[in-house]
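Contents: one structure, followed by commentary.
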There are 2 protein chains.
Amino acid sequence: MVLNNLDQTDIDILKLLQKDASLTNKEICYKLNKSIGTIHQRIQRLKDEGFILRTVAILNRKKLNTSLIAFSQVLLNDHTADTLNTFEREVAKFPEVMECFQMTGTFDFLLRIATSDMDAYHAFYRNKLATLPNITTVQSFFVLSETKSITAYPL
Amino acid sequence: MVLNNLDQTDIDILKLLQKDASLTNKEICYKLNKSIGTIHQRIQRLKDEGFILRTVAILNRKKLNTSLIAFSQVLLNDHTADTLNTFEREVAKFPEVMECFQMTGTFDFLLRIATSDMDAYHAFYRNKLATLPNITTVQSFFVLSETKSITAYPL
DNA sequence: GTTGAAAGACCTAGTGA
DNA sequence: TCACTAGGTCTTTCAAC
């Protein structure tokens with residue numbers, strides 16, 4: 001597949017790095033049968049042109065204090081630009097909110113919320129989320145088990 | 001906060017790495033006022049003990065061929081172990097499915113599905129997802145805009 | 001676009017304090 | 001935990017193909 005000025009080598013590099021960014025250039029050049037200079041130059045370009053946004057460590061949330069993940073569907077009173085912007089700006093400030101998407105369909109926003117347990121979620125809901133203006137309803141669903149959870153897009 | 005045999009230095013390292021794993025040990029030791037030997041030893045331990053699962057590159061999906069993200073709620077016919085296991089095993093094989101969670105509430109599974117556009121989503125739905133056994137309903141919601149999307153847990 | 005080499009930076013393990 | 005050392009590895013640059 002050729003895409004957006006990327007050739008197969010670029011795609012292959014992205015595939016590898018989005019699964020394991022600890023690979024060295026040397027390891028990648030062996031896998032792809034290119035020279036290390038080529039790999040280095042390609043990766044630099046992929047970063048400079050914004051294909052690679054950042055590299056992050058993925059932590060084990062069950063060993064940390066964030067074992068409860070909730071998905072909350074939020075419906076707002078109205079859909080003026082001001083109401084939408086205010087909600088987006090304020091909800092993004094909460095560290096418990098890992099993701100906030102505006103959605104199509106029967107609700108306005110979908111939030112992914114990470115807390116330690118149901119008490120902590122309740123505190124977040126009552127003291128933070130529910131204090132934001134113009135919220136009509138919040139409906140929450142909780143993760144029972146995680147079958148698959150990757151950050152890699154299909155390329 | 002002290003947690004799971006982690007002291008403040010460990011927590012600080014995790015906070016940094018889950019936002020930017022390209023930091024060198026040297027940079028981290030400056031930020032935290034510790035020696036580079038200490039930082040190296042701590043990170044090694046955090047990996048060995050499974051607090052750090054892996055490091056990955058986060059790509060810009062809008063510049064790649066995955067600009068449409070759907071969240072799909074799946075309800076199954078029955079909840080026998082066999083039905084649940086089969087669904088989880090089969091749905092995890094699809095590269096379009098980035099996340100699969102079993103959930104509390106009015107549906108059984110929540111999927112995050114990445115495709116290039118609505119046509120590709122439709123093809124995935126008809127040719128892959130809907131062919132799995134024991135599915136009663138699938139209700140899908142699509143991402144209009146992304147206000148916040150981080151992989152870092154609140155620590 | 002690709003290569004190979006050279007210089008510099010970094011990682012890693014070890015020591016003694 | 002720190003400071004220091006030293007060998008090995010990796011990154012980064014650059015001239016040349």
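Letters A, B, ... mirror the listed sequences (proteins, then strands); counts begin at 1.
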task: Check every strand shown and say whether A:Arg45 touches a base, only sugar-phosphate, or nothing at a heavy-atom separation below 4.0 Å.
output: nothing
- request: Could you walk me through whether A:Asp10 and A:Arg45 pass the salt bridge (Lys or Arg N to Asp or Glu O under 4.0 Å) test, one step at a time?
  value: CA-CA 9 Å; A:Asp10 293 317; A:Arg45 176 174 152 253; 3.3 Å; yes
message: Taking A:Thr55's backbone N and O only, do any of them form a donor-acceptor pair with B:Ser22's side chain (distance below 3.5 Å, no angle check)?
response: no
task: Please list, in 5' to 3' order, the outermost nucleotides of DNA chain C lying under 4.0 Å from any heavy atom of chain A.
output: C:dG1 to C:dT3
- prompt: Can you list the residues that meet the side-chain contact (heavy atoms from CB on, under 4.5 Å) rule with A:Lys26, with sequence neighbours excluded?
  reply: A:Thr24, A:Tyr30, A:Ile36
field: side-chain contact (heavy atoms from CB on, under 4.5 Å) partners for B:Asp82, two or more places apart
entry: B:Thr80, B:Thr86
Side-chain atoms of residues 66-76 of chain B: list all donor-acceptor pairs with protein atoms under 3.5 Å, sequence neighbours left out, distances to 0.1 Å.
from, atom 1, to, atom 2, distance (Å)
B:Ser67, OG, B:Ser116, O, 3.0
B:Ser72, OG, B:Tyr121, OH, 3.0
B:Ser72, OG, B:Ser140, OG, 2.8

- prompt: How does protein reach along nucleotides 3-17 of chain D, written 5' to 3' as B (base within reach of a heavy atom under 4.0 Å), S (only sugar-phosphate), or - (no contact)?
  reply: S------SBBB----
query: Distance check: side-chain N/O of B:Thr38 vs OP1/OP2 of D:dT1, anything under 4.0 Å?
result: no
message: Tell me the closest heavy-atom pair linking B:Glu146 and B:Arg61, and the distance in Å.
response: OE1-NH2, 2.8 Å
Can you give me every donor-acceptor pair (side chain of residues 89-98 of chain B, partner residue at least two apart or in another chain, under 3.5 Å) with its distance?
from, atom 1, to, atom 2, distance (Å)
B:Glu90, OE2, B:Lys93, NZ, 3.2
B:Glu96, OE1, B:Lys128, NZ, 3.3
B:Glu96, OE2, B:Lys128, NZ, 2.9

- request: Begin with the C-alpha distance, continue with both residues' side-chain angles, and end with the deciding distance and a verdict on side chain to side chain contact (heavy atoms under 4.5 Å, CB included) for B:Val56 and A:Asp20.
  value: CA-CA 5 Å; B:Val56 300; A:Asp20 183 4; over 6 Å; no
